[in-house]
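Read through the structure below, which is laid out as structure tokens, and then see the notes.
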Amino acid sequence: MTRPIAVLGGTGPEGFGLALRWAQAGETVIIGSRDAKRAQDAASKIKAKVGAHAQVSGDENTAVCAVADLLLLTVPFEGHAALLKPNIVIDATVPLAASVGGRATRTLGVWQGSAAQETAELVPKGVAVVAAFQNVSAELLNADGPVDCDVIVCSDDAGASQIVQALAAKIPGMRAIDGGKLENARILEQITALLIGLSIRHKGHAGIRITGLPASAYKPQ
């Protein structure tokens, strides 16, 4: 894949972990943050870990959006509206109650049905929204070794879904599965709250694996 991947919220654990994994896979990654210096520092940390050949840089969120048409959204749920102008938005956010002082094991009710569906209402016409990566542990992304987790990808745009499935499959140990329409994102977001509760209760980093499907359902096969 030649197009750069803009990771908004790339200084946080989830965004940084995905940026790191894609840089390791040889992708061009641009980290976004509200503070350009923080984004540049995060890019430098990735280069230090991956090597000087890593194609990673950092800048302020708005500047990053202006130079990339594939965007991964990991900024807090309440910060979506001002940033959404690319061609493909990957929404990995979850409306956890922790964002308003509640528990991380609960989600907020969203009128549109899910954070991803709200994003779809906010983006300009012609922008594809894809829900993915909600159920992946940030700790595992930032650690060494494969990520033992399946990624369910939901979108109303089949082409955009295929692009995101291919990106997920670049991360060692991770499999991507077509999860159908964007409306199914609400289920993914609820699963995240459950996984957080399991991780807290059992002191681990819970993920999901989908079994019983034909090999053709999984990427990589």
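The structure displayed is predicted, hence computed values, not measured ones. Keep in mind that the numbers below use all heavy atoms, side chains included, and drop hydrogens, waters and symmetry copies.
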Scan residues 13-24 for pairs that pass salt bridge (charged side-chain N to carboxylate O under 4.0 Å, His left out), counting only residues two or more places apart or in two chains.
none
Given 3.5 Å as the limit, does a donor-acceptor pair link the side chain of E183 with the main chain of D156, or not?
no
Set of salt bridge (Lys or Arg N to Asp or Glu O under 4.0 Å) partners for D41, sequence neighbours left out
K37
CD1-CD1 distance between I163 and I90, expressed to the nearest 0.5 angstrom:
9.0 Å
Apply side-chain hydrogen bond (donor to acceptor under 3.5 Å, both in side chains) to the pair E118 and S114, showing each step before the final yes or no.
CA-CA 6 Å; E118 182 192 75; S114 67; over 6 Å; no
Spacing of R3 atom CZ and L167 atom CG [to the nearest 0.5 Å]
9.0 Å
For W22 and V29, indicate whether the former's side chain and the latter's backbone hold a donor-acceptor pair under 3.5 Å.
no
Step by step, would you call I46 with I31 a side-chain contact (heavy atoms from CB on, under 4.5 Å)?
CA-CA 10 Å; I46 289 177; I31 292 176; 3.6 Å; yes
Only counting residues at least two apart or in another chain, list the ones meeting side chain to side chain contact (heavy atoms under 4.5 Å, CB included) with L140.
S137, V147, H205
For V127 and I88, run side-chain contact (heavy atoms from CB on, under 4.5 Å): C-alpha distance rounded to whole Å, both residues' side-chain angles, the deciding distance at 0.1 Å, then the answer.
CA-CA 6 Å; V127 174; I88 299 176; over 6 Å; no
Could you walk me through whether L20 and V50 satisfy the side-chain contact (heavy atoms from CB on, under 4.5 Å) test, starting with their C-alpha distance in whole Å, then the side-chain angles of each, then the deciding distance to 0.1 Å, before giving a yes or no?
CA-CA 8 Å; L20 170 63; V50 177; 3.7 Å; yes
Can you tell if the side chain of V130 reaches within under 4.5 Å of the side chain of V153, non-hydrogen atoms only?
yes
Any chance the side chains of D35 and S33 put a donor and an acceptor closer than 3.5 Å?
no
Atom pairs and distances, side-chain donor-acceptor, residues 211-220, under 3.5 Å, sequence neighbours left out:
{"from": "Y218", "atom 1": "OH", "to": "I210", "atom 2": "O", "distance (Å)": "2.8"}
{"from": "Y218", "atom 1": "OH", "to": "L213", "atom 2": "N", "distance (Å)": "3.4"}
{"from": "K219", "atom 1": "NZ", "to": "Q162", "atom 2": "OE1", "distance (Å)": "2.2"}

Distance col, row K45:NZ vs T11:OG1, nearest 0.5 angstrom, shows 9.0 Å
Within the 3.5 Å criterion, strictly below it, is a donor on S44 or Q40 matched to an acceptor on the partner's side chain?
no
To the closest 0.5 Å, what do you measure between CD (E189) and CD (Q117)?
8.0 Å
Do you know which two heavy atoms are closest between A19 and V7, and how far apart they sit?
CB-CG2, 4.2 Å
Tell me the closest heavy-atom pair linking L71 and C65, and the distance in Å.
CD1-SG, 3.5 Å
Salt bridge (Lys or Arg N to Asp or Glu O under 4.0 Å) with K49: which residues, sequence neighbours excluded?
D144
Check L195, V151, T192, L194 against I208 for a side chain to side chain contact (heavy atoms under 4.5 Å, CB included) and give me the one that passes.
L195
Report the distance from atom CG of N87 to atom CG of L70, rounding to the nearest 0.5 Å.
9.0 Å
With the side chain counted from C-beta on, respond yes when T119 and V89 share a heavy-atom pair under 4.5 Å apart, and no when they do not.
yes
Could you walk me through whether N135 and L188 pass the side-chain contact (heavy atoms from CB on, under 4.5 Å) check?
CA-CA 7 Å; N135 307 143; L188 301 182; 3.9 Å; yes
Is there side-chain contact between L141 and L18, with at least one heavy-atom pair below 4.5 Å?
yes
Those residues at least two apart in sequence (or on a different chain) that pass salt bridge (Lys or Arg N to Asp or Glu O under 4.0 Å) with R209 are D148, D150
Show the nearest heavy-atom pair for residues A116 and V129, with the distance to one decimal.
O-CG1, 3.7 Å
Is any side-chain heavy atom of Q134 less than 4.5 Å from a side-chain heavy atom of I191?
no
List the atom of K170, the atom of P172, and the distance in Å for their closest heavy-atom pair.
O-CD, 3.5 Å
Measure across C154 and N184 and return the closest heavy-atom pair with its distance rounded to 0.1 Å.
SG-CB, 3.7 Å
Grab the two heavy atoms, one from A42 and one from F16, that are nearest each other, plus how far apart they are.
O-CE1, 3.4 Å
Got a second to check how far F133's CZ is from L72's CG, nearest 0.5 Å?
7.0 Å
